[in-house]
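First the structure, in the form of structure tokens, and then the observations on it.
FYI, side chains are in, hydrogens and waters are out, and symmetry mates aren't considered; it's all heavy atoms of this structure.
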Amino acid sequence: MKIKGFVCYEDEDGINESVLYFYNGESKDVVIPSQFEVIDMGCFQGDSRIESVEIPESVKFIKSEAFDHCPNLKSVKIPGNLYGISPDTFGDSVTTAGILKSNPNYIEKNGFIINKSNNSLLFVLDNSKESYSIPEGVEYIGYSCFLGCENLREISIPESVHYIESMGFFGCKNLKKVDFPKGLKYIAGAAFALCENLQEFSLPEGVDVVGFGNEVIL
């Protein structure tokens, strides 16, 4: 189903109508249709026309710089069930965190932004640290959660974590060791891409791995 102003993602396998690739509409007040589950990288980037955007509950992932450099964007309605959002979606992590926390489902805890409705860890506010301890109770490490954490050397992952989404630790070039919880069920493609010094890890039995490093990028 095609909707005027909204361009779906296309690849060699055809059109993926669940991914919003680009907006070329004329309205300054954008209401994204509920057919979409993903807002792609740079989708609205640099669009000086838009003043407000309403993101439907169907959207689960918002990728890097989707609304970066939108100087007139004043109002954003965020869905309550995100499983991943890049910290630079709205320009920087502070701005993105502020927009998320306008929705009661999102909280800041121990320097992390967390969706308390589905226990997803979305991103860290300070990406300069060498170590992080993920709070107990978190079940999902979200899309590009630790993006830009180039100083990260060690990470404490609690037993509650079951899923690590695509690009969760992308570019953590100083990360050397990861102790995965026994209950881990799924690691998405490129979750540890460009973690060039990662040498010590042991995958739990039965975990479903879709391209651990650079092999697959979703």
Side-chain angles (χ1 to χ4, degrees), residues 20 32 38-48 50 52-53 55 59-135 137-158 161 163-175 178 188 190-195 217-218:
L20 176 56
I32 297 175
V38 179
I39 298 176
D40 209 2
M41 187 179 301
C43 182
F44 293 85
Q45 188 177 34
D47 193 333
S48 61
I50 62 172
S52 69
V53 60
I55 304 173
V59 170
K60 301 295 185 291
F61 297 94
I62 306 176
K63 295 192 174 184
S64 299
E65 300 178 334
F67 296 92
D68 186 29
H69 289 98
C70 294
N72 293 310
L73 181 59
K74 301 177 179 67
S75 173
V76 181
K77 181 181 178 182
I78 286 284
N81 199 34
L82 289 175
Y83 285 86
I85 181 172
S86 181
D88 62 358
T89 288
F90 293 96
D92 58 44
S93 62
V94 174
T95 303
T96 304
I99 290 172
L100 285 173
K101 288 190 290 183
S102 65
N103 183 310
N105 287 315
Y106 300 93
I107 60 171
E108 179 183 347
K109 184 176 181 180
N110 299 339
F112 295 98
I113 299 299
I114 297 174
N115 186 339
K116 63 183 183 181
S117 69
N118 59 22
N119 298 318
S120 292
L121 186 74
L122 299 181
F123 59 87
V124 295
L125 284 172
D126 181 359
N127 63 12
S128 67
K129 295 182 178 180
E130 293 187 1
S131 66
Y132 299 90
S133 181
I134 295 174
V138 167
E139 296 181 32
Y140 295 81
I141 296 176
Y143 165 82
S144 69
C145 182
F146 288 90
L147 179 72
C149 295
E150 295 185 357
N151 296 324
L152 176 62
R153 294 181 181 274
E154 58 181 331
I155 182 77
S156 175
I157 304 177
V161 170
Y163 305 92
I164 301 177
E165 291 294 344
S166 176
M167 300 175 69
F169 291 88
F170 184 88
C172 295
K173 61 183 182 181
N174 286 305
L175 183 62
V178 178
F192 291 88
L194 302 185
C195 294
I217 297 180
L218 300 182

Pairwise distance [atom1]([X]) to [atom2]([Y]) - rounded to 0.5 angstrom:
X	Y	atom1	atom2	value
Ser86	Phe123	OG	CZ	8.5 Å
Cys172	Met167	SG	CE	10.5 Å
Ser93	Leu122	OG	CG	12.5 Å
Tyr106	Ile85	OH	CD1	7.5 Å
Phe169	Ile141	CZ	CD1	4.0 Å
Ser120	Ile113	OG	CD1	13.0 Å

Residue pair Asn115 / Asn105, side-chain donor-acceptor N/O under 3.5 Å: no

Ser52 and Ser75: side-chain donor and acceptor closer than 3.5 Å?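 No, because no side-chain N or O of Ser52 sits under 3.5 Å from a partner of the opposite role on Ser75.
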
Cys43: what forms a side chain to side chain contact (heavy atoms under 4.5 Å, CB included) with it, not counting sequence neighbours?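 By the side chain to side chain contact (heavy atoms under 4.5 Å, CB included) rule, Cys43 matches Leu20, Ile39.
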
Kindly indicate whether the side chain of [X], heavy atoms from C-beta on, has any atom under 4.5 Å from the side chain of [Y].
X	Y	answer
Pro87	Ser144	yes
Val124	Cys149	yes
Phe61	Ser166	no
Tyr143	Ser64	yes

Is the side chain of [X] donor-acceptor paired with the backbone N or O of [Y] at a distance under 3.5 Å, no angle test?
X	Y	value
Asn174	Glu150	yes
Tyr83	Glu165	no
Asn119	Tyr140	no
Asn151	Lys129	no
Thr96	Phe90	yes

Where [X] and [Y] come nearest, the two heavy atoms and their spacing:
X	Y	value
Gly46	Cys70	N-SG, 4.2 Å
Met41	Lys63	N-CB, 3.6 Å
Ser48	Asn72	O-ND2, 2.7 Å
Ser131	Leu152	CA-CD1, 4.1 Å
Ala66	Asp40	CB-O, 3.9 Å
Lys109	Ile114	CB-CD1, 4.0 Å

Counterpart residues, salt bridge (Lys or Arg N to Asp or Glu O under 4.0 Å), relative to Glu139 (two or more places apart): none

Please step through side chain to side chain contact (heavy atoms under 4.5 Å, CB included) for the pair Leu175 and Phe192, ending with a clear verdict. CA-CA 9 Å; Leu175 183 62; Phe192 291 88; 4.2 Å; yes

Using the salt bridge (charged side-chain N to carboxylate O under 4.0 Å, His left out) rule, collect all pairs that involve residues 75-104, keeping only residues at least two apart or in two chains. Glu54-Lys77, Lys101-Glu108

For Ile55 and Phe67, what are the C-alpha separation, side-chain angles and deciding distance, and is it a side chain to side chain contact (heavy atoms under 4.5 Å, CB included)? CA-CA 12 Å; Ile55 304 173; Phe67 296 92; 4.2 Å; yes

Would you call the rings of Phe146 and Phe112 parallel, tilted or perpendicular, taking 30° and 60° as the class edges? perpendicular

